[in-house]
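A short worksheet on the structure shown next.
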Amino acid sequence: MKSIQVKYFSSLRDASKKDQEVLSIESPKKASQIFDELNERYHFSLDRSYIKVAINEAYQDWDTLLHGGETLVFIPPVAGG
Amino acid sequence: MFLLQEESLEEVINKTTLENPEVGGAVSFEGRVRNVNKGKKVTLLEYQVYEEMAVLEGRKVVEEALKLFPIKEAICIHRYGQLKIGERAVWVLATSKHRKEAFKACQYIIDEVKKRVPLWKKEFYEDESKAWVECLGCKGTSASV
């Protein structure tokens, strides 16, 4: 069993009511699969099509496989400036 | 150089001096907190930041500008935390021999920062409601320009 650290920001933090959590995975999982599972649990207000994925502080595709040991962040539409 | 800071930008802007004698043009941009958005009266803003990634992504943007345009220097500083109306939220400075490159680099930096750097803005309104500013017309781009 390996673990992934998930951090939450903006409306996703409001929905999950947590800054971060550690998820356990038995086998590699796509970022999209992890999002869908978390969305079932927390009912995020944003559809996946509005969100980007960051793995270890860099943007990646939704199809990227996570093997454990990564930091995963779902990035809602950013609003700097 | 890309920096994040919670404190006001006034001091750092006032202290920044241009000493390179080759610089003939310096262009700066500052984004300020506006009191109205989409018809609602805003009283306060709060920027939330994914600091580790924002610093990396912000540095990438500034480095790209230095490669893309023949400029001498490029600086971008973004605030996080709570900001009042009228306060500076972001400051960009680009310097070059001639003005055209500095204008282009300054625009490039602020546009890319707004599209890519993981910062989120919560607006607090006069009627005591609040909301995250999310550009839902920017599907798949995470842009909020």
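Per chain, numbering begins at 1; letters A, B, ... match sequence-line order. Values below: all heavy atoms of this structure, side chains included; hydrogens, waters and symmetry mates excluded.
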Closest contact, heavy atoms only, [X] versus [Y]:
X: A:Pro76; Y: B:Trp120; value: O-NE1, 3.0 Å
X: A:Val78; Y: B:Lys115; value: CG2-O, 3.3 Å
X: A:Gly81; Y: B:Ala89; value: O-CB, 4.3 Å
X: A:Ser10; Y: B:Glu134; value: OG-OE2, 3.8 Å

Please determine whether the number of non-hydrogen atoms from other residues, nucleotides or ligands lying under 6.0 Å from atom [atom1] of [X] exceeds 12.
X: B:Lys84; atom1: NZ; result: no
X: A:Lys7; atom1: NZ; result: yes
X: B:Lys122; atom1: NZ; result: yes
X: B:Arg99; atom1: CZ; result: no
X: A:Tyr42; atom1: OH; result: yes

Worksheet item: With distance as the sole test, does A:Tyr59 use its side chain to make a donor-acceptor pair with the main-chain N or O of B:Arg116 at under 3.5 Å?
Response: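 Pair found, side chain donor or acceptor close to backbone of B:Arg116.
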Practice prompt. Walk me through it: do A:Leu46 and B:Trp132 pass the test side chain to side chain contact (heavy atoms under 4.5 Å, CB included)?
Written response: CA-CA 12 Å; A:Leu46 287 168; B:Trp132 290 105; over 6 Å; no
Fill in: Full working for side chain to side chain contact (heavy atoms under 4.5 Å, CB included) between B:Glu52 and A:Val73
CA-CA 11 Å; B:Glu52 299 93 326; A:Val73 181; over 6 Å; no
Practice prompt. Can you tell which part of A:Arg13 gets under 4.5 Å to a heavy atom of chain B, answering side chain, backbone, both or neither?
Written response: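 The side chain, not the backbone.
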Is it true that [X] and [Y] fall in one hydrophobic cluster, defined by side-chain heavy atoms closer than 4.5 Å?
X: A:Leu65; Y: A:Phe35; answer: no
X: B:Ile85; Y: B:Val90; answer: yes
X: B:Leu18; Y: B:Leu3; answer: yes

Worksheet item: Relative to chain A, which of B:Lys121, B:Gln48, B:Arg79 shows the most heavy atom pairs under 4.5 Å?
Response: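 When all of B:Lys121, B:Gln48, B:Arg79 are compared, B:Gln48 has the most.
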Worksheet item: Relative to chain A, which of B:Phe29, B:Trp91, B:Tyr47, B:Tyr50 shows the most heavy atom pairs under 4.5 Å?
Response: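 Highest number of pairs under 4.5 Å: B:Tyr50.
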Worksheet item: B:Val49 versus chain A, heavy atoms under 4.5 Å apart: side chain, backbone, both or neither?
Response: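 Interface part for B:Val49: backbone (N, CA, C, O).
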